[in-house]
Amino acid sequence: MSEMAKQAVWFLAVLCIFASSGLTREEDVDAISQLSEQMSTILRTLQAKTEEQALEILDLKERLNASEIPKVAFAASLGSNGLITTKAFKTLIYKDVLTNVGEAYDPKTGIFKAPVKGVYYIRFTANSPTTGPMSAVLYKGETVLLMVHEQPSGEGSDTASNGAPLLLEEGDELHIELWPNTQIWDEDNHYSTFSGFLLFRM
């Protein structure tokens, strides 16, 4: 109990004693009146402090909620799509989902949508036979952010990867495209992937 609360209890006890004693002398009435005023002052101060503490608690709760980091992590591959070629720009659909904590990646559209403003680490890999050019290009909306590209180099296959921490606004959308006249390949061992996770909130 705080010192002010103890004083309030003491004043209340004294008032009760005066009230039960039946004293009616003028000095007794004056004493009771002074005690009552002091009691009112203490109660007003206690109320103000209680309201101030309630506001502080509310502010702390709001700051705690704002600082909470949502769990966001995803990884998906093209899976059993095999060899994909195109004569036009083509959005790649990474349908074989390995991880999708927070459900921010949509395997139906191939789009990752940032649920909160923050810095995300995004990475993608690409594999393709070396008989033709390979590409994979990361877009934010219609803006190119990162890409991988390999020219034909004879028999065999090439694998390339790229990644970076990216500052994304809430609602920003990322997807990967295959450029015209290039190719990419994958199967159940997940050579061509798209992944990312939230590092910290801004």
Side-chain angles (χ1 to χ4, degrees), residues 63-202:
R63 289 166 61 185
L64 179 62
N65 291 335
S67 65
E68 287 181 355
I69 300 177
K71 296 177 175 62
V72 183
F74 77 99
S77 79
L78 295 173
S80 59
N81 284 338
L83 184 65
I84 302 173
T85 61
T86 182
K87 292 184 178 180
F89 291 96
K90 179 182 180 67
T91 297
L92 294 172
I93 309 298
Y94 295 79
K95 63 182 182 180
D96 196 344
V97 176
L98 304 174
T99 304
N100 199 11
V101 177
E103 302 294 328
Y105 173 72
D106 186 348
K108 295 180 180 179
T109 63
I111 293 174
F112 170 76
K113 185 175 182 178
V116 296
K117 180 180 180 180
V119 175
Y120 296 77
Y121 184 76
I122 305 296
R123 183 172 184 267
F124 58 102
T125 63
N127 181 276
S128 172
T130 53
T131 54
M134 175 184 69
S135 75
V137 185
L138 177 67
Y139 284 80
K140 182 177 74 173
E142 298 181 356
T143 302
V144 174
L145 297 180
L146 300 169
M147 72 178 299
V148 296
H149 182 80
E150 291 288 346
Q151 287 295 107
S153 58
E155 294 184 1
S157 65
D158 278 329
T159 298
S161 66
N162 205 342
L166 301 175
L167 174 59
L168 301 178
E169 299 289 337
E170 181 179 348
D172 279 350
E173 294 184 347
L174 303 180
H175 70 280
I176 295 179
E177 289 190 11
L178 186 64
W179 277 8
N181 303 312
T182 63
Q183 61 187 17
I184 193 170
W185 179 84
D186 198 13
E187 43 105 296
D188 292 337
N189 287 324
H190 315 304
Y191 292 95
S192 297
T193 61
F194 180 27
S195 61
F197 53 90
L198 175 63
L199 290 171
F200 51 86
R201 193 171 184 173
M202 296 292 287

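Just so you know, residue 1 is the first one in the sequence shown, and it goes up from there. These figures come from a predicted structure and were not determined experimentally.
- Scanning both residues, Ser192 and Trp185, for their nearest heavy atoms gives OG-O, 2.7 Å.
- Contact record, Val97 with Ala76: CA-CB, 4.0 Å, taken as the closest heavy-atom pair.
- Using the six-membered ring where Trp is involved, Phe112 and Phe74 have ring planes that are parallel, under 30° apart on the 30 and 60° scheme.
- Side chain of Asp186 to backbone of Leu78: a donor-acceptor contact under 3.5 angstrom is found.
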Test log, rule side-chain hydrogen bond (donor to acceptor under 3.5 Å, both in side chains), inputs Ser80 and Glu187: CA-CA 4 Å; Ser80 59; Glu187 43 105 296; over 6 Å; no
Applying side chain to side chain contact (heavy atoms under 4.5 Å, CB included) to Phe200 and Tyr120, what does each step give before you reach the verdict? CA-CA 7 Å; Phe200 51 86; Tyr120 296 77; over 6 Å; no
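- Between Ser77 and His190, the shortest heavy-atom distance links the atoms OG-ND1, 2.7 Å.
- The shortest side-chain heavy-atom distance between Arg123 and Ser195 falls under the 4.5 Å cut-off.
- Side-chain polar atoms of Glu177 and His175 form a donor-acceptor pair below 3.5 angstrom.
- Minimum interatomic distance between Gly132 and Ser128 (heavy atoms only, all atoms of both residues): O-OG, 4.5 Å.
- Side-chain contact between Asn162 and Phe124 is present, with at least one heavy-atom pair separated by less than 4.5 Å.
- Counting all heavy atoms, side chain and backbone alike, Leu198 lies closest to Gly118 at CD1-CA, 4.2 Å.
- Although no hydrogens or angles enter the test, the distance criterion places no donor-acceptor pair under 3.5 Å between the side chain of Asp158 and the main chain of Thr130.
- Looking at Pro152 and Thr131, their side chains never come closer than 4.5 Å, going by heavy atoms from C-beta outward.
- Side-chain atoms of Thr193 and Thr125 include a donor-acceptor pair closer than 3.5 Å.
- Using a 4.5 Å heavy-atom cutoff, the side chains of Pro133 and Glu150 are not in contact.
- The shortest side-chain heavy-atom distance between Ile93 and Pro107 does not fall under the 4.5 Å cut-off.
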Worked verdict on Ile84 versus Lys90 for side chain to side chain contact (heavy atoms under 4.5 Å, CB included): CA-CA 10 Å; Ile84 302 173; Lys90 179 182 180 67; 3.8 Å; yes
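- Under the 3.5 Å distance criterion, with hydrogens and angles disregarded, a donor-acceptor pair is assigned to the side chains of Thr159 and Asn127.
- Here the side chains of Phe194 and Ile122 are in contact, with some heavy-atom distance below 4.5 Å.
- Of the possible donor and acceptor atoms, one in the side chain of Asn100 sits under 3.5 Å from a partner among the backbone N and O of Tyr105.
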Side chain to side chain contact (heavy atoms under 4.5 Å, CB included), that's the test. Do Leu168 and Leu174 meet it? Break it down for me. CA-CA 10 Å; Leu168 301 178; Leu174 303 180; 3.9 Å; yes
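- Partner of Ile184 under the side-chain contact (heavy atoms from CB on, under 4.5 Å) criterion, out of Leu178, Thr86, Thr85: Leu178 alone.
- We find that Lys117 and Glu170 are not joined by a salt bridge, their nearest charged nitrogen and carboxylate oxygen being 4.0 Å or further apart.
- In terms of heavy atoms, Trp179 sits closest to Thr182 at O-OG1, 2.5 Å.
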